[in-house]
Amino acid sequence: MQIQFLGTGAGMPSKTRNTSALAVKLLEERGTFWLFDCGEATQHQILHTTLKPRKLEKIFITHLHGDHIFGLPGLLSSRSFQGGEELLTIYGPAGLKTWIEQTLQLSQTHLNYPIEFVEVTEGVVFEDDGFVVTAKPLQHVVPCFGYRIEQKPLRGTLQIEKAIALGVPKGPLLGQLKNGSDITLEDGRIVKSSDVTDPPKDGFIVTILGDTRSCENAVLLSENADIVVHESTFDHATEALAANYGHSTNMDAANIAIKAGAKNLLLNHLSARFFPQDIKNMLEEVHEVFENAYIVADFEEYEWQQEKLAPFSQQ
Ligand SMILES: [Zn+2]
Ligand SMILES: [Zn+2]
């Protein structure tokens with residue numbers, strides 16, 4: 001799994017930071033990627049990456065502010081032009097479906113694939129064999145949600161030599177053991193899957209929070225998460241503004257991560273008022289209380305592998 005940031009700015013684009021969007025790349029896990037928020041020109045940002053819009057499986061929208069959704073109509077349209085035919089599911093607050101459908105209808109945009117809309121309320125918004133995604137409301141100036149993605153435990157590897165030594169013949173019985181089923185041999189002996197497979201491994205937990213002032217639900221969503229993506233619109237000097245506008249400072253974000261027992265913190269949604277030196281200072285301040293924190297930039301990618309987070313470069 002990798003997380004690639006496509007837009008890390010707050011409110012409006014600057015020359016260095018586009019508006020909000022990030023991709024959770026699940027190419028190894030499910031052959032697709034999921035998008036969280038879709039600020040204007042997200043499709044242009046995608047052109048500078050290896051992401052293929054036809055592999056886009058799900059879009060999760062945190063809230064309906066323009067800097068989080070104005071890129072949707074163009075991206076949806078281009079996905080169709082680029083041969084996307086698979087179902088796309090869009091999760092978001094009430095009103096999103098109407099806005100998208102009316103925009104597509106008025107512009108006479110016809111898509112070659114079906115869209116399923118899921119109106120998000122508190123609770124589980126998606127679950128299958130591999131993942132469960134839950135949402136909780138945050139505290140912003142409009143309804144806004146945070147999402148917690150939990151990968152289900154991964155089946156342990158089959159110890160083939162051990163199975164064969166116990167008399168399991170090569171062939172489909174090995175497959176059954178690998179898939180967790182116990183089997184009976186011709187002589188009546190039972191071989192348990194758990195005896196010939198490694199123990200299951202924990203999956204990852206990634207929490208992606210929308211715009212919010214510091215709140216309890218941000219902590220609950222982030223509990224024991226491997227990675228928390230949190231907004232950091234303001235800093236020390238501007239902290240009075242954070243509460244008024246329903247946003248957080250760098251230190252609010254750090255405190256959420258600490259309270260939740262999270263392992264890594266990625267800070268995004270930076271105001272264009274900050275110069276590089278301000279950002280360096282913001283990060284240093286966070287590092288005094290929470291070591292595994294990064295302030296992210298557009299196109300940066302972070303890889304989760306062997307239970308560790310590492311900045312990841314494609315070239
Ligand atoms: Zn925003
Ligand atoms: Zn907002």
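In each ligand, atom 1 is the first atom listed, and ligand 1 is the first ligand listed.
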Peer 1: Near the Zn ion (ligand 2), is there an N/O/S atom from Cys144 that is less than 2.8 Å away?
Peer 2: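 Under 2.8 Å: Cys144 has no N, O or S contact with the Zn ion (ligand 2).
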Peer 1: For Gly39, is there any backbone N or O sitting under 3.5 Å from a side-chain donor or acceptor partner on Asp67?
Peer 2: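 Not a single qualifying donor-acceptor pair exists.
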Peer 1: Can you give me the closest heavy-atom contact between Val141 and Asn244, atom names plus distance?
Peer 2: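 Nearest pair, atom of Val141 first, then Asn244: CG1-O, 4.4 Å.
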Peer 1: From the options Gln139, Glu231, Arg213, select the one residue that forms a side-chain hydrogen bond (donor to acceptor under 3.5 Å, both in side chains) with His247.
Peer 2: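 So the option named by the test is Glu231.
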Peer 1: Could you tally the protein N/O/S atoms lying less than 2.8 Å away from the Zn ion (ligand 1)?
Peer 2: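 Protein N, O or S neighbours of the Zn ion (ligand 1) under 2.8 Å, waters not counted, come to 4.
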Peer 1: Which pairs pass salt bridge (Lys or Arg N to Asp or Glu O under 4.0 Å) with one or both residues in residues 258-271, sequence neighbours excluded?
Peer 2: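 Salt bridge (Lys or Arg N to Asp or Glu O under 4.0 Å) check on residues 258-271 returns Asp226-Lys263.
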Peer 1: So which of Thr197, Asp182, Val196 actually passes side chain to side chain contact (heavy atoms under 4.5 Å, CB included) with Leu177?
Peer 2: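 Single pass found, and it is Val196.
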Peer 1: Test: salt bridge (Lys or Arg N to Asp or Glu O under 4.0 Å). Region: residues 131-146. Which pairs qualify, not counting sequence neighbours?
Peer 2: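 Those involving residues 131-146 are Glu122-Lys136.
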Peer 1: Suppose we only allow N, O or S atoms; which atom of His140 ends up nearest to the Zn ion (ligand 2)?
Peer 2: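 That would be atom NE2.
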Peer 1: Quick one: ring-ring contact (aromatic ring centres under 6.0 Å, His included) pairs with a partner in residues 90-125, sequence neighbours left out?
Peer 2: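 Counting only pairs at least two positions apart or across chains, the ring-ring contact (aromatic ring centres under 6.0 Å, His included) contacts touching residues 90-125 are Phe60-Tyr91.
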